[in-house]
Amino acid sequence: MTAVPHAAPHRLRLSADALVANWRALARMSGAGAACGAAVKADGYGLGAAAVVQRLAAAGCRDLFVSSWAEAAALPVAAPLGLSVLHGVRAEDMPLAAALPHVRPVLNTAQQVARWRDAGGGRACDVMVDTGMNRLGIAPADIAGGLLDGLVIDTLMSHLACADEPAAAMNRDQLHRFAALRGATRARRMSLANSAGIALGADYAFDLTRPGLSLYGGVPCPALADTIRPVVTIEAQLLQRRIVRAGEVVGYNATWVAPADTPVGTANLGYADGYGRGFSDRGRAQAVAGDGPWLPVIGRVSMDLVALDLTGTTLAEGDWIAFDPDLPRAAASGRSQYELLTGLGKRFDRVWA
Ligand SMILES: *Cc1c(COP(=O)(O)O)cnc(C)c1O
């Protein structure tokens with residue numbers, strides 16, 4: 001490794017304004033009675049967790065959620081910020097948990113509860129209760145049976161299985177099962193809603209909401225479409241421009257055949273960067289400078305390269321291209337908005353503005 005400054009041929013352009021505006025909008029929708037936190041697991045859904053936390057904390061966000069203790073240890077978080085580890089504590093996590101006294105585990109199982117209680121000290125934890133998703137969490141009946149007695153619980157939480165399907169009956173079922181636990185524990189707060197859950201209405205907000213996807217520009221349901229702003233734009237530099245003659249082909253397996261002589265650009269971006277093969281013949285991009293025409297992705301996306309039809313432009317080697325930042329539309333590539341974000345590769349320069 002040398003310290004010579006070097007700009008990568010591809011970058012993520014990240015909007016701090018949009019990130020903060022999205023958090024404020026979700027906080028507003030959560031209502032005056034509920035705090036609004038932020039899920040920053042998977043390195044802030046691919047954007048870079050430390051950079052996200054810094055900006056959300058400055059805006060007033062106080063409750064953060066990661067999946068693992070390694071993720072917690074990587075975040076420079078101190079009071080008044082609260083940080084919860086959604087997967088709780090394994091025996092292997094206890095030494096790191098002891099070294100991170102400001103972090104709370106979200107206890108999911110009777111074994112985790114016993115492990116935390118045995119560690120002593122009355123240190124605060126959160127608890128996940130399963131209300132029907134059958135993914136993580138203790139059962140409501142365990143609470144009635146006294147499983148949590150003696151724990152210092154900050155937040156009792158549950159998670160919605162179908163929040164992005166507003167009409168699903170399961171949402172109300174889970175809401176009622178969770179609401180029935182009011183007063184059943186000594187938890188200081190209750191929390192149920194993720195991004196889409198916030199859009200289900202005030203009943204779902206309880207004391208704390210936990211959006212992730214929509215902070216980063218994802219739109220899980222139509223009710224958030226007019227509210228959430230895009231945060232991430234993928235930009236890549238053109239490596240070559242060529243004229244492909246009528247009848248010639250482009251890319252692996254020669255799937256694209258030029259209908260006429262066509263200017264074609266090859267850009268520094270591919271599936272190793274998270275720009276998946278599902279964008280083959282489907283993605284689109286635009287010149288970064290000016291507002292030129294949409295440039296269709298043509299042929300197969302390669303590991304590190306992608307071809308674009310440059311018709312109607314003078315774009316040339318070295319010019320920067322912005323790939324469609326519209327996450328709901330990009331999901332037409334066959335992957336969910338969550339997969340697209342968390343799949344964004346390590347090679348990008350991450351440039352906040
Ligand atoms: C990931 C996660 C969230 C955030 O969900 P989004 O759909 O990204 O808003 C909230 N709560 C829990 C328990 C999670 O695992």
Side-chain angles (χ1 to χ4, degrees), residues 19 22-27 29-30 34-47 49 52-53 56 61-69 71-72 75 82-88 103-109 112 125-138 154-166 168 170-171 174-175 178 187 189-200 204-225 227-229 231-232 327-328 331 335-344:
L19 173 76
N22 289 342
W23 180 76
R24 291 214 166 104
L26 292 161
M29 291 178 73
S30 300
C36 182
V40 297
K41 60 199 182 191
D43 202 20
Y45 286 46
L47 279 64
V52 166
V53 166
L56 292 182
C61 178
R62 291 293 173 262
D63 298 278
L64 304 166
F65 301 89
V66 293
S67 289
S68 71
W69 287 89
E71 289 182 338
L75 281 180
L83 179 54
S84 300
V85 176
L86 289 165
H87 293 189
V103 182
R104 296 189 306 270
V106 181
L107 304 178
N108 289 289
T109 69
Q112 290 189 349
C125 61
D126 298 333
V127 173
M128 176 69 71
V129 58
D130 180 62
T131 51
M133 187 180 187
N134 284 303
R135 187 175 70 168
L136 285 178
I138 62 168
D154 183 289
T155 304
L156 182 72
M157 61 183 83
S158 192
H159 194 54
L160 295 164
C162 306
D164 58 350
E165 301 173 72
M170 185 150 182
N171 292 320
Q174 287 195 270
L175 174 66
F178 191 56
R189 301 185 292 183
M190 292 177 74
S191 172
L192 178 63
N194 62 347
S195 301
I198 292 171
L200 290 176
Y204 289 80
F206 290 86
D207 306 305
L208 170 66
T209 57
R210 311 186 304 267
L213 182 73
S214 292
L215 296 173
Y216 312 112
V219 179
C221 54
L224 289 172
T227 308
I228 296 304
R229 289 167 50 185
V231 177
V232 186
L327 273 175
R335 288 155 79 213
S336 74
Q337 299 174 60
Y338 295 87
E339 288 174 280
L340 291 169
L341 285 170
T342 58
L344 292 170

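Ligands are counted one by one from 1 in listed order, and the atoms in each one are counted from 1 as well.
The main-chain N or O of Arg229 is found under 3.5 Å from a side-chain atom of Asn22 such that the two form a donor-acceptor pair. Although no hydrogens or angles enter the test, the distance criterion places a donor-acceptor pair under 3.5 Å between the side chain of Gln112 and the main chain of His87. Counting only distance, with no hydrogens or angles, the side chain of Ser158 and the backbone of Val129 share a donor-acceptor pair below 3.5 Å.
Met128 pairs in a side-chain contact (heavy atoms from CB on, under 4.5 Å) with only one of the listed residues (Val106, Leu156, Thr155, Thr109), which is Val106.
Counting atoms of ligand 1 from 1 in the listed order, those under 4.0 Å from a heavy atom of Leu86 are 13 (C), 14 (C), 15 (O). Atoms of ligand 1 found under 4.0 Å from any heavy atom of Pro211, numbered from 1 in the order shown, are 9 (O). Ligand 1 places these atoms under 4.0 Å from at least one heavy atom of Tyr45: 1 (C), 4 (C), 5 (O), 6 (P), 8 (O). The atoms of ligand 1 that sit less than 4.0 Å from any heavy atom of Ala39 are 4 (C). Residue-ligand proximity, Arg135 to ligand 1, at heavy-atom distances under 4.0 Å covers atoms 15 (O). The distance from ligand 1 to the heavy atoms of Gly212 drops below 4.0 Å at these ligand atoms: 4 (C), 6 (P), 8 (O), 9 (O). Those atoms of ligand 1 that come under 4.0 Å of a heavy atom in Leu213, given as number and element, are 6 (P), 8 (O), 9 (O).
Looking only at heavy atoms of the protein, atom 5 (O) of ligand 1 is closest to Asn194 CB, 3.3 Å. Given atom 7 (O) of ligand 1, the protein heavy atom at minimum distance is Tyr338 OH, 2.6 Å. Closest to atom 10 (C) of ligand 1, if we only count protein heavy atoms, is Arg210 O, 3.3 Å.
Contacts of Ser195 with ligand 1, taken as heavy-atom pairs under 4.0 Å, involve both backbone and side chain.
The line from CZ of Arg210 to OG of Ser195 is 10.5 Å long, rounded to the nearest 0.5 Å. In this structure, CG on Leu192 lies 11.0 Å from CG on Asp207, to the nearest 0.5 angstrom. Atom CG of residue Leu208 and atom OG of residue Ser84 lie 8.0 Å apart, to the nearest 0.5 angstrom. From Met157, atom CE reaches atom CG of Asn108 across 9.0 Å, with rounding to the nearest 0.5 Å.
The heavy atom nearest to atom 15 (O) of ligand 1, out of those in Gln337, Lys41, Met128, His159, is found in Lys41.
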